[in-house]
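Every chain is numbered from 1 and lettered A, B, ... according to where its sequence line falls, protein lines coming before strand lines. None of these values were measured; they are calculated from a predicted model. Computed from heavy atoms alone, side chains included, the values below leave out hydrogens, waters and symmetry copies.
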2 protein chains.
Amino acid sequence: MDRVYIEDLHQHVGSEVRISGWVYHLRSSGKIKFAVLRDGTGLVQCVITESDSPQAFEVFGQLTQETSCVVGGVVREDKRATGGHEILARSIEVIQSPESYPISPKEHGVGFLMENRHLWLRSSKQNAIMRIRAEVERACRDFLDERGFVAVDSPILTPSASEETSTLFELDYFGSKAYLSQSGQLYNEAACMALGRVYCFGPSFRAEKSKTRRHLTEFWMLEPEIAFGDLDTVFELSEGMVTAIIERVLERRGKELEILERDTSKLEKVQAPFEKITYREAVRILKEKGFAIEFGDDLGGDEETALSLAFEGPVFVHRYPAEARAFYMQPDPEDGSVVMCTDLLAPEGVGEIIGGSERISDRDLLEQRIEKYGLPKDAFRWYLDLRTYGSVPHAGFGLGIERTVGWICGVRHIRETIPFPRMIHRVYP
Amino acid sequence: MDRVYIEDLHQHVGSEVRISGWVYHLRSSGKIKFAVLRDGTGLVQCVITESDSPQAFEVFGQLTQETSCVVGGVVREDKRATGGHEILARSIEVIQSPESYPISPKEHGVGFLMENRHLWLRSSKQNAIMRIRAEVERACRDFLDERGFVAVDSPILTPSASEETSTLFELDYFGSKAYLSQSGQLYNEAACMALGRVYCFGPSFRAEKSKTRRHLTEFWMLEPEIAFGDLDTVFELSEGMVTAIIERVLERRGKELEILERDTSKLEKVQAPFEKITYREAVRILKEKGFAIEFGDDLGGDEETALSLAFEGPVFVHRYPAEARAFYMQPDPEDGSVVMCTDLLAPEGVGEIIGGSERISDRDLLEQRIEKYGLPKDAFRWYLDLRTYGSVPHAGFGLGIERTVGWICGVRHIRETIPFPRMIHRVYP
């Protein structure tokens with residue numbers, strides 16, 4: 001009698017199998033008992049009658065929510081059942097039966113659920129989000145691998161900051177100071193000059209005190225970087241990647257989107273090319289909507305939401321004022337007050353999921369910018385070297401995994417899109 | 001005239017193309033000039049004559065090692081040439097020409113090369129290692145994804161340590177203490193009880209002062225965890241994964257292995273099942289070899305090397321003494337002095353690349369172990385919960401990416417197997 005995962009039950013109709021899992025739900029209807037099991041791959045209802053199995057019928061009384069057990073029985077097709085199959089139980093072996101389980105179907109506060117994140121992940125919705133997250137990551141990699149990009153892991157411990165120096169986590173590194181990486185971009189720049197087209201995927205850290213639905217102190221970013229690339233490369237590649245992600249999730253994670261009650265018609269409409277507007281146009285639109293914004297201001301969360309809602313699909317906002325942006329961005333040759341960068345805003349009010357730019361390739365200009373931004377020049381020696389030894393135009397972007405997953409899942413707060421969220425007041429569990 | 005990557009030249013024989021890259025090597029032979037270009041995907045020789053292109057012939061004088069440039073010309077098949085093709089240059093556009101380049105073909109000390117890691121990555125051997133690393137990572141993921149595992153990203157910022165508390169990097173987290181993760185395992189345990197079969201892949205940190213060829217302070221681990229799994233699951237899965245990695249690299253990265261002058265016959269011999277010996281047997285073998293080792297001692301680097309050399313292929317050493325191992329390991333039901341764990345030693349003197357075990361599923365026993373190891377019980381509340389609410393037997397392992405890549409590449413010191421190595425005296429570049 002083989003152990004079978006619930007997602008594979010369709011291959012075993014009529015056979016006796018063993019399911020190893022946890023009790024998700026229990027009910028009785030007269031002389032028939034029902035135990036819905038989960039094993040991480042799906043749910044299945046086990047039907048228990050005294051005549052078919054006195055052993056299972058007796059053990060049923062010991063079952064509680066999240067009891068771990070092994071159920072033996074015969075697989076039967078049943079279109080009405082969750083997953084399309086049920087099990088006629090022949091035996092139940094209880095492994096461990098909790099007296100009570102903290103998370104019940106009743107409503108819980110987010111604080112409580114977050115404190116019990118290690119258990120909350122077992123619920124169908126959280127399970128679905130995690131599977132979609134894995135699919136999104138896989139889709140990004142496949143997209144880039146197929147196009148000749150080489151995955152190059154960026155370091156986390158760094159001697160310098162790439163941007164927003166006020167939001168760095170600092171640590172003692174054998175007597176000297178080191179910082180947790182905020183982005184793999186600077187290292188990607190070195191790597192793309194060695195390997196042509198590269199990407200990194202890993203955790204990034206920002207010691208931000210903001211408590212918005214869009215911020216985590218630890219988040220994951222997918223960052224491609226292309227030697228000889230420019231802003232058009234960023235537009236094309238990010239557009240292609242986002243549509244590939246959506247297509248993949250629609251194709252392979254329909255069941256999970258259904259569990260999340262996601263309106264997929266909105267995702268199906270996402271088609272390249274995306275709308276493109278300049279920052280100046282964005283400011284004009286926002287002014288029309290009553291925002292008090294002037295050229296030079298960065299776009300905040302509210303502004304992004306408003307712009308996102310103004311378009312049906314994703315929209316690129318490009319050429320932001322230099323002052324509002326990071327030191328390494330290439331000025332627009334036709335307008336020195338703006339830089340060759342873009343943010344991609346996801347629709348439905350989601351806001352920024354991608355930020356990218358051309359990087360400065362001229363050494364003197366880069367050096368001036370490092371000084372102007374008050375950055376420690378010594379820590380950037382190696383970064384300046386990239387402009388001394390065979391400098392080339394290059395560009396890249398970063399896609400925030402949690403924001404992208406939040407958009408696709410229709411989950412408003414990104415704390416549910418990462419297995420163990422880290423926020424200003426949360427580093428547990 | 002399309003921009004073409006060197007690895008794709010075979011698709012453009014007879015056509016005029018544009019190569020964007022860097023000068024790797026220059027030479028003259030009478031009236032013919034040769035510039036070998038690299039673009040991150042390969043090397044190609046460009047042939048420059050005054051009659052074919054006076055412009056290119058003149059510009060040749062400006063070229064130096066690592067000059068960035070765009071060469072236009074016609075692709076010609078030439079079996080003798082590197083990569084099987086050459087370019088008859090029609091034009092050369094210089095982008096930036098360095099006066100000198102620090103890394104020349106002459107021998108450099110490792111300290112110098114490490115200080116210039118951002119440039120050293122451009123050399124053929126380092127480029128080959130990075131491509132093999134990416135292939136190894138990809139092979140691991142494909143292997144697990146195909147088997148129904150869900151990728152679940154473990155957090156890096158944690159309130160507690162999983163093992164070796166003396167080697168933790170500590171940081172200030174908004175006024176409280178947090179630590180950089182040494183392993184995603186504990187979180188994987190929570191995740192596998194939600195999703196069945198999971199893995200994480202990310203950076204791990206150990207503030208180890210050791211300066212051996214096997215240690216980095218920041219390294220990447222691939223860690224699968226399986227609910228209802230046991231030591232046999234670890235044997236089978238790790239064996240399958242390692243053979244899948246080797247096969248994949250042999251199949252897709254032959255060119256890179258050749259650049260590294262790797263003796264692939266040794267890799268071709270790696271076949272499952274791998275040899276398995278108990279720790280007790282390992283101690284006996286080591287004693288025979290003259291090592292002063294007694295039951296209870298952990299195996300150090302020298303012992304691992306000796307064992308590794310004693311077998312032709314990879315060898316599992318299993319059932320180590322409980323005292324020498326982490327708190328969470330399940331005791332052997334048949335011998336309480338040892339635990340249900342295993343290390344996989346790679347051959348050719350490489351040593352440990354994998355460590356895995358069954359985890360304790362009994363709450364009382366786990367609690368005793370946490371106390372015995374002097375670990376902060378409060379930080380492990382959630383981890384104990386996994387044994388309170390539907391505890392199940394489970395097992396998993398961690399594969400060290402750098403050690404695996406080092407073995408496959410035949411690179412002795414793992415500092416060359418990660419893009420930007422972090423060691424006790426190195427956090428730059």
Side-chain angles (χ1 to χ4, degrees), chain A residues 5 20 22 39-41 66-68 95-96 98 101 118-119 121-122 127 130-131 134 137-138 145 148 150-157 159 169-171 173-174 178 187 190-191 193-197 202-203 218 220 227-228 382 385-386 388-392 418-420 422 424 427-429, chain B residues 5 20 22 39-41 66-68 95-96 98 101 118-119 121-122 127 130-131 134 137-138 145 148 150-157 159 169-171 173-174 178 187 190-191 193-197 202-203 218 220 227-228 382 385-386 388-392 418-420 422 424 427-429:
Chain A
Y5 282 100
S20 302
W22 295 264
D39 71 352
T41 73
E66 287 301 315
T67 290
S68 47
I95 299 173
Q96 194 251 337
Y101 184 67
H118 51 297
L119 303 175
L121 286 173
R122 301 179 183 189
N127 187 305
M130 290 305 117
R131 283 181 181 270
E137 293 181 2
R138 179 91 193 165
D145 289 348
V150 182
V152 178
D153 299 312
S154 283
I156 305 303
L157 298 170
F169 284 112
E170 181 188 303
L171 69 145
Y173 190 81
F174 303 108
Y187 292 95
M193 294 187 197
L195 292 145
R197 291 157 292 184
E218 179 179 324
W220 287 64
F228 297 95
W382 68 270
D385 273 359
L386 304 178
T388 308
Y389 302 112
S391 188
V392 297
I418 188 166
F420 295 92
R422 300 297 183 234
I424 176 166
V427 72
Y428 175 97
Chain B
Y5 282 101
S20 302
W22 295 263
D39 72 352
T41 75
E66 287 301 315
T67 290
S68 47
I95 299 172
Q96 194 251 339
Y101 185 67
H118 52 296
L119 303 175
L121 286 173
R122 301 179 183 189
N127 187 305
M130 289 305 116
R131 284 183 180 269
E137 293 180 3
R138 179 91 193 166
D145 289 347
V150 182
V152 179
D153 299 312
S154 283
I156 305 302
L157 297 170
F169 284 112
E170 181 187 304
L171 69 146
Y173 191 81
F174 303 108
Y187 293 94
M193 293 186 196
L195 292 145
R197 291 157 293 184
E218 179 179 323
W220 288 64
F228 297 95
W382 67 271
D385 273 358
L386 304 179
T388 308
Y389 303 112
S391 189
V392 297
I418 187 166
F420 294 93
R422 300 300 183 230
I424 176 167
V427 72
Y428 174 95

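Of all the listed residues (A/I156, A/V392, A/T67), the one sharing the greatest number of non-hydrogen pairs under 4.5 Å with chain B is A/I156. When the candidates B/E66, B/E170, B/R197 are compared by the number of heavy-atom contacts under 4.5 Å with chain A, B/R197 comes out ahead. The candidate with the highest count of non-hydrogen atom pairs below 4.5 Å against chain B, out of A/L195, A/I95, A/L121, A/V152, is A/L195. When the candidates A/D153, A/N127, A/T41 are compared by the number of heavy-atom contacts under 4.5 Å with chain B, A/D153 comes out ahead. Among A/A190, A/S391, A/P419, the residue with the largest count of heavy-atom pairs under 4.5 Å with chain B is A/S391. The residue among B/L386, B/V150, B/L157 with the most heavy atom pairs within less than 4.5 Å of chain A is B/L157. Between chain B and the options A/A178, A/A134, A/P429, the largest number of non-hydrogen pairs under 4.5 Å is found for A/P429. Comparing B/G196, B/G148, B/A191, B/P98 by heavy-atom pairs within less than 4.5 Å of chain A, the highest count is held by B/P98.
Both the backbone and the side chain of A/S20 have a heavy atom closer than 4.5 Å to some heavy atom of chain B. For B/L119, the part lying under 4.5 angstrom from a heavy atom of chain A is the side chain only. In this structure, chain A has a heavy atom under 4.5 Å from the backbone of B/D39, while its side chain stays farther away. Heavy atoms of B/P203 lying under 4.5 Å from chain A belong exclusively to its side chain.
Residues A/W22 and B/G390 come closest through the heavy atom pair NE1-O, 2.7 Å. Across all their heavy atoms, B/S154 and A/W220 have their closest contact at O-CZ2, 3.9 Å.
Ring geometry for A/F420 versus B/W382: interplanar angle of 30 to 60°, hence tilted.
A cation-pi arrangement is absent between B/R122 and A/Y389 under the rule of less than 6.0 angstrom and at most 45 degrees off the ring axis. For the pair A/R422 and B/Y173, the NZ or CZ position fails the cation-pi test of under 6.0 Å to the six-membered ring centre and within 45 degrees of the ring normal.
Proximity of a side-chain donor or acceptor of B/E137 to a complementary backbone N or O of A/A151 within less than 3.5 Å is not detected.
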